[in-house]
Amino acid sequence: QVKDNLEPGDFQDERIWRIASLVFDFVAQGKPVKANNLLNYIDDDIVSEVVCESAMPQETSFEDKEKIACDCIVRMKSHRLKKQRQLLHEKIKLAQDSGDDAHLRLLMGQFHELIKKK
């Protein structure tokens, strides 16, 4: 579900994307996704620390895990769209200030498309 609904740009931290990408690769190859297996492929101390912290046993039901994953996906996508809108807003302001009407129309179209996404 996570792999189908997220892409690298949805992750705000490139290190977390690297972990997720590694997990996706393991699943595709039929390898068990365990912290010790992941650690063999990671050479970054901070990323290794994140993997170790996430490997702590948790008392969570499958249904709760699925809801948590869905909520996380929605939150990540929402945060990404918010950042994209902020960046476009800044570009729109620059285009307005410079009087570049063609570029302004293009940016406004992109902004309206982002607003439609939820």
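This structure is a prediction, so every number in the text was calculated from the model and none was measured.
Sorted by first and then second residue, the salt bridge (charged side-chain N to carboxylate O under 4.0 Å, His left out) pairs with a member in residues 97-110 read K93-D97; sequence neighbours excluded.
Contact detail for S98 and A95: the closest heavy-atom pair is OG-O, 3.2 Å.
Under the 4.5 Å side-chain heavy-atom criterion for ILVMFWY residues, no single connected hydrophobic cluster contains both L106 and F111.
Considering only residues two or more places apart in sequence or on other chains, K31 meets the side-chain contact (heavy atoms from CB on, under 4.5 Å) condition with F26, Q29, Y41. Every side-chain contact (heavy atoms from CB on, under 4.5 Å) that S21 has, sequence neighbours left out, goes to W17, D25. The side-chain contact (heavy atoms from CB on, under 4.5 Å) test applied to E90 returns L87, not counting sequence neighbours.
Atom CD of Q110 sits about 12.0 Å away from atom CD1 of I115, to the nearest 0.5 Å. From M108, atom CE reaches atom NE2 of H89 across 10.0 Å, with rounding to the nearest 0.5 Å. Between the CG atom of L104 and the NZ atom of K91 there is a distance of 13.5 Å, given to the nearest 0.5 Å. To the nearest 0.5 angstrom, I92 atom CD1 is 9.0 Å from H103 atom NE2.
No side-chain heavy atom of Q84 sits under 4.5 Å from any side-chain heavy atom of L88.
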